[in-house]
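Take a look at the structure below.
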Amino acid sequence: MNTDSNKQERLRALPAVDRLVGLLDMHDAAAAIARSVKVRAARDTIDAYRKRILQAPEGFAANDLSDAAILQAAVARAEYLNRPKLRRTINATGIIIHTNLGRSLLARSAIENIAEIAAHYSNLEYNLEKGKRGSRYTAVEDILCEISGAQAAMVVNNNAAGVLLCLDTMARGREVIVSRGELIEIGGSFRIPDVMAKSGAILKEIGTTNRTHLRDYENAISADTALLLKVHTSNYRILGFTASVGLNELVELAARRNLPVMEDLGSGTFIDFSRYGLVHEPTVQESIAAGADIVTFSGDKLLGGPQAGIILGRPERIDAIRKNPLTRALRIDKMTLAALEATLRLYRNPEQAVEAIPTLNGITRSKEALRPRAELLLRAIEAIGNPRIHSAIVDAASQAGGGSLPLLEMPSLAVSLDISGLGPNDIEIALRNQPIPIIGRIESGRFVMDVRTLCDAEIGVIAASIELIASASVEKSP
Ligand SMILES: *Cc1c(COP(=O)(O)O)cnc(C)c1O
């Protein structure tokens, strides 16, 4: 038989979509799956078979095109399509604020508060004392001022929105002076010059990449100047022959020229990390005390709360920001507010915050404090009892991530994993494709799991997954 008629015959043997959906309807494994998903699965499966037949019609064994075989493929596809797309993962990368893996984990009290507020009506925009409409921002305004020392506060969807909103309010159509050393790009295409352009403010860059002096700001100020902006160089550092102007000096200059100063702190922390033997990261309290008119930062970076943009500053500035029509488009939702308020409440007692907020706990934990967890994971892997699996506790270096504390490498512990017959890439892919995906890293040609970003409850899941991939790979080898 020539290839063409071979192809035609095989294509004709494929079931129609309706018939395959009918077969899925009768199959137990697909019983709980919605019809719309079964239709997609049937189409995808038939399409995939058609492509394979057109590409390599001879590459089929006798019963590869039987109803049973095609149905099995369709069931697998339906199960795949039916899985939630946003799923929990296990972060074994050692990167604590991993933007791709969801940044900060919430404290228990924040999670509970989300459930409480989501399940019930709330006073989101209702003033209980007056019995009439209230402000959405009341929930966190007082506590933000209490912790930071600011006089007024406001929150939006994220820090990018916060920066955009502040620039739009304070500098639309006018000039904003920024040092060239601070024209940052962070992940997800947030670039200061682009955000500036979107806000309608005009960027006036000054100084050089490595050195900017107070006189550069002074010389750039004109009648068109609306704002002096300082941006925290979150995710990189300029080292060597450098100079930049501190917030204090900038505030003093701005006061003389009757201009406001805004600082985008990026991560923003209420905790002085130098107290835990780590590098000093400028705190929110310091920026407020230095006299910045507006300070913005993220809720889900070093703060360890939900995605949010926090704006602190002088009452008249915050008032103008609130009245900006853009605020409505960037507003924070009630579940975020619930999580944010609960997180902020923990900061009333900094020791409690460091204990209860996973991001802070992850950053401040010493390498030796991680050893019990590393040993637990090692023992769980050894208990599988498969002679093809070899693991050991190795030294590692964790990172804060999220563009925070970029040069900080935290000494950490990891557990390496070798499975004879599988390369590190095979292990990485297999663990990433588990029902609860496990994301580790490959270091010096070996798969490793940093235990800093794990919790003890995940150890059993990891061991079960390793057992599964090791035994699945045995079956395949000759
Ligand atoms: C992360 C960051 C932002 C953006 O914050 P999001 O909360 O991710 O929107 C803005 N500016 C700086 C300096 C940052 O580090």
Side-chain angles (χ1 to χ4, degrees), residues 95-106 140 144 153-168 170-171 176 178-199 201 203 205 212 227-238 244 247 250 261-270 273 279 281-284 286-287 292 294-313 321 326-327 329-333 335-337 339-340 343-344 359 363 399-408:
I95 300 168
I96 298 163
I97 309 169
H98 198 307
T99 296
N100 300 153
L101 300 183
R103 285 198 183 160
S104 286
L105 305 186
L106 294 178
V140 291
L144 277 169
M154 141 101 208
V155 281
V156 288
N157 181 57
N158 61 6
N159 187 31
V163 174
L164 176 72
L165 182 60
C166 292
L167 291 174
D168 184 274
M170 296 197 287
V176 177
V178 193
S179 160
R180 289 198 170 86
E182 298 174 1
L183 292 177
I184 58 153
E185 171 181 317
I186 57 161
S189 68
F190 176 91
R191 290 173 146 198
I192 288 292
D194 297 349
V195 174
M196 190 86 71
K198 272 283 169 217
S199 75
L203 170 65
E205 34 185 298
T212 299
L227 180 69
L228 308 185
L229 174 64
K230 194 160 174 59
V231 184
H232 187 37
T233 57
S234 302
N235 46 5
Y236 73 103
R237 289 287 180 269
I238 297 174
S244 61
L247 185 60
L250 217 52
V261 176
M262 165 171 158
E263 183 170 40
D264 171 13
L265 268 179
S267 264
T269 172
F270 291 128
F273 286 106
V279 293
E281 173 78 3
T283 65
V284 175
E286 285 163 10
S287 296
I294 286 289
V295 176
T296 74
F297 54 99
S298 289
D300 57 353
K301 291 183 181 173
L302 286 176
L303 197 78
Q307 178 190 304
I310 297 168
I311 306 171
L312 305 177
I321 290 166
L326 248 189
T327 298
L330 306 175
R331 85 175 180 189
I332 192 163
D333 91 300
M335 286 180 282
T336 309
L337 263 180
L340 186 59
T343 305
L344 292 169
T359 296
I363 288 172
Q399 291 163 23
S404 314
L405 312 167
L407 300 188
L408 179 68

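The figures here come from the full heavy-atom set of this structure, side chains too, leaving out hydrogens, waters and symmetry mates. Order of appearance sets the numbers: ligands from 1, and atoms from 1 within every ligand.
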Checklist entry - Can you tell me if Thr327 uses its side chain to pair, donor with acceptor, with the backbone of Ile321 under 3.5 Å? => result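 The answer is yes, because a donor-acceptor pair under 3.5 Å joins these two groups.
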Checklist entry - Backbone N or O of Val231 within a donor-acceptor pair of the Glu182 side chain at under 3.5 Å? => result yes
Item to check | Nearest heavy-atom neighbours spanning Lys301 and Ser104 | outcome: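 So the two residues come closest at O-OG, 3.0 Å.
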Tell me the protein heavy atom at minimum distance from [atom], and give that distance in Å.
atom: atom 10 (C) of ligand 1; value: Asn159 ND2, 3.2 Å
atom: atom 11 (N) of ligand 1; value: Asp264 OD2, 2.6 Å
atom: atom 13 (C) of ligand 1; value: Ser234 OG, 3.1 Å
atom: atom 4 (C) of ligand 1; value: Ile186 CD1, 3.4 Å

Next on the checklist: Quick check: Asp300 and ligand 1, any N/O pair under 3.5 Å apart?
Outcome noted: no
Is the shortest heavy-atom distance from the side chain of [X] to the side chain of [Y] under 4.5 Å?
X: Pro306; Y: Asp300; result: no
X: Ile294; Y: Glu263; result: no
X: Met196; Y: Val178; result: yes

Checklist entry - Relative to the heavy atoms of His232, which atoms of ligand 1 are at a distance of less than 4.0 Å? => result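 Atoms satisfying the 4.0 Å criterion: 13 (C).
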Next on the checklist: Applying a heavy-atom cut-off of 4.0 Å, say which part of Ile184 lies close to ligand 1: side chain, backbone, both or neither.
Outcome noted: side chain
Next on the checklist: I'd like to check the ring-ring contact (aromatic ring centres under 6.0 Å, His included) partners of Phe273; sequence neighbours left out, ordered by chain and number.
Outcome noted: none
Item to check | Heavy-atom proximity to atom 12 (C) of ligand 1, best of Ser298, Ala160, Gly266, Gly309 | outcome: Gly266
Checklist entry - Which option, Gln307, Arg103, Lys301, owns the non-hydrogen atom nearest atom 8 (O) of ligand 1? => result Arg103
